[in-house]
A.B. asks: 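Pasting a structure below so you can have a look.
Letters go in sequence order (proteins before strands), and every chain restarts at 1.
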Protein chains: 2
Amino acid sequence: MTTEVKQSPRERLLEAAATLTYRDGVGIGVEALCKAAGVSKRSMYQLFESKDELLAASLERRTSAYVATLLPAADDDRSPRERILHVFEQVESESGAPEFYGCPFLAAQIELKDQSHPASRVAHGVKENLTAFFRAEAEQGGASDPGLLARQLSLVFDGGSARAGIGADQLTGLIAPTVITLLDAAGVR
Amino acid sequence: MTTEVKQSPRERLLEAAATLTYRDGVGIGVEALCKAAGVSKRSMYQLFESKDELLAASLERRTSAYVATLLPAADDDRSPRERILHVFEQVESESGAPEFYGCPFLAAQIELKDQSHPASRVAHGVKENLTAFFRAEAEQGGASDPGLLARQLSLVFDGGSARAGIGADQLTGLIAPTVITLLDAAGVR
DNA sequence: ATCTTTGGAAACCGATCGGTTTTCTTTTCT
DNA sequence: AGAAAAGAAAACCGATCGGTTTCCAAAGAT
């Protein structure tokens, strides 16, 4: 079998960037990234324009796996209410993992500050997609104000992941009751 | 009059650190901090043990003004519900300012990652104090589960300030309805 | 007026930053 | 086997990092 057991340098770089920037912040050095990936700086700089582009590509790559983990499957035939709750069950269970620091996209935006940074733009798009998902479900579920509910859910999502990430609180017993209260108030049964 | 028109080097450093780390992140250089404060590095290092201690002291100094801005006055005789809403009105109005990047304490913790960093500890204490305030008001207001409500309010507080800080959303029309829904659900009238 | 303290300016330290270039080894294709 | 492409290792670049030290001017105290 000629199955690719070993990832390409490009993939190893993207994965190392995802892991290390999540754990240590976007201030991590290029040298450390390359060493972790087992790739020379020379190779890195002919695969990516700059460190900033590597970070952006790394976040971009995380996107599909991230939404796949959080969102219910496309053929999921549960109610909108249950599909929304599914997202928060996922983040609650993820938050129990030993190395959980909250949503990596939110963290990247806060650390970078600059909203025009390529990685910030990617993260911004992810956030918009999540809010759009909430909004679609809210509409389907007959929410009194779907736009408001979607924003509220995103608010709880980011707040919860941020607070869990800095060790300010546990999501257990907090996030589900909160979401249910908001769903009830919006008339989504 | 011999009123102090000019602050001490220590105060100027604390203020410069507050401003610049909030705007540019905790990765800001010592050189830039000293230049902004009009203080030599020599003086800085005999006023503070290290950059980390300066950051911690700067956050510490912000604390009193921060809670004074957010929390209602001690002699405020409004109801717990109104006193809680007061906090969110304050953050909503602050979020309209041109240079608003969300709660500086939350940002510092996320950027530093290390929870044992002296500045992280200071920030952690501020968060605990705010949650304690919410809890006391929740108890006073007869909330069905004061501990839960307090955590929910802190969740909304941090989520809102984070999302507004990264430009993901506006707090206007979002945070007040959310808090009211939670207060109503907890039975705080 | 002299002495001592304060503190700003700036050189300096080793380390690291993002990024480039050279060298040499490994792989791959023919 | 031999030529050619790829890539890892590492030196190197100027700039900046946190932090220290030297030097000298200004301010205060006696």
A.B. asks: Identify, with sequence neighbours excluded, every residue that meets side-chain hydrogen bond (donor to acceptor under 3.5 Å, both in side chains) alongside B:Arg42.
C.D. replies: none

A.B. asks: Pairs in or reaching into residues 48-65 of chain B: which pass side chain to side chain donor-acceptor pair (under 3.5 Å), with residues at least two apart or in two chains?
C.D. replies: B:Asp52-B:His117

A.B. asks: Nucleotide range of DNA chain D contacted by chain B, 5' to 3', under 4.0 Å to a heavy atom?
C.D. replies: D:dC17 to D:dC23

A.B. asks: Checking A:Arg78 now: which residues fulfil side-chain hydrogen bond (donor to acceptor under 3.5 Å, both in side chains) with it, not counting sequence neighbours?
C.D. replies: A:Asp76, A:His86

A.B. asks: Does B:Lys41 have any side-chain hydrogen bond (donor to acceptor under 3.5 Å, both in side chains) partners at least two apart in sequence or in another chain, and if so, which?
C.D. replies: none

A.B. asks: Only distances under 3.5 Å count here; give the side-chain donor-acceptor pairs of residues 98-110 of chain B to other protein atoms, sequence neighbours excluded, each with its distance to 0.1 Å.
C.D. replies:
none

A.B. asks: Using 4.0 Å as the upper bound for N to carboxylate O, is an ion pair formed by B:Asp169 and A:Lys127?
C.D. replies: no

A.B. asks: In terms of ring plane angle, is the pair B:Phe88 and B:Phe134 parallel, tilted or perpendicular, where the classes change at 30° and 60°?
C.D. replies: parallel

A.B. asks: Holding to salt bridge (Lys or Arg N to Asp or Glu O under 4.0 Å), I want the full list of residues that pass it with A:Glu82, two or more places apart in sequence or in another chain.
C.D. replies: none

A.B. asks: Please answer whether the main-chain N or O of A:Gln90 pairs with a side-chain N or O of A:Ser93 as donor and acceptor at a distance below 3.5 Å.
C.D. replies: yes

A.B. asks: Can you pull every protein N or O that's under 3.5 Å from an N or O on nucleotides 7-11 of chain C?
C.D. replies:
from: C:dG7; atom 1: N7; to: B:Arg42; atom 2: NH1; distance (Å): 3.0
from: C:dG8; atom 1: OP2; to: B:Ser40; atom 2: N; distance (Å): 3.0
from: C:dG8; atom 1: OP2; to: B:Ser40; atom 2: OG; distance (Å): 3.3
from: C:dG8; atom 1: OP2; to: B:Ser43; atom 2: OG; distance (Å): 2.7
from: C:dG8; atom 1: N7; to: B:Ser40; atom 2: OG; distance (Å): 3.4
from: C:dG8; atom 1: O6; to: B:Arg42; atom 2: NE; distance (Å): 3.4

A.B. asks: Under 3.5 Å, side-chain donor or acceptor atoms of residues 172-189 of chain B against the rest of the protein: list the pairs with distances, not counting sequence neighbours.
C.D. replies:
from: B:Thr178; atom 1: OG1; to: A:Gln152; atom 2: NE2; distance (Å): 3.0
from: B:Thr178; atom 1: OG1; to: B:Leu174; atom 2: O; distance (Å): 2.6
from: B:Thr181; atom 1: OG1; to: B:Pro177; atom 2: O; distance (Å): 2.9
from: B:Asp184; atom 1: OD1; to: B:Arg81; atom 2: NH1; distance (Å): 2.8
from: B:Asp184; atom 1: OD1; to: B:Arg81; atom 2: NH2; distance (Å): 3.2

A.B. asks: Assess whether salt bridge (Lys or Arg N to Asp or Glu O under 4.0 Å) is satisfied between A:Glu139 and A:Arg135, documenting all intermediate values.
C.D. replies: CA-CA 6 Å; A:Glu139 275 169 8; A:Arg135 187 181 224 286; 2.6 Å; yes

A.B. asks: Could you check which residues of residues 14-32 of chain A get a heavy atom under 4.0 Å from DNA chain C? Sort them by number, please.
C.D. replies: A:Ile28, A:Gly29, A:Val30

A.B. asks: For A:Ser161, what residues pass the side-chain hydrogen bond (donor to acceptor under 3.5 Å, both in side chains) criterion, not counting sequence neighbours?
C.D. replies: none

A.B. asks: Hey, what bend do you get for the helix from C:dA1-D:dT30 to C:dT30-D:dA1 if you fit axes on five pairs at each end, rounded to 10°?
C.D. replies: 10°

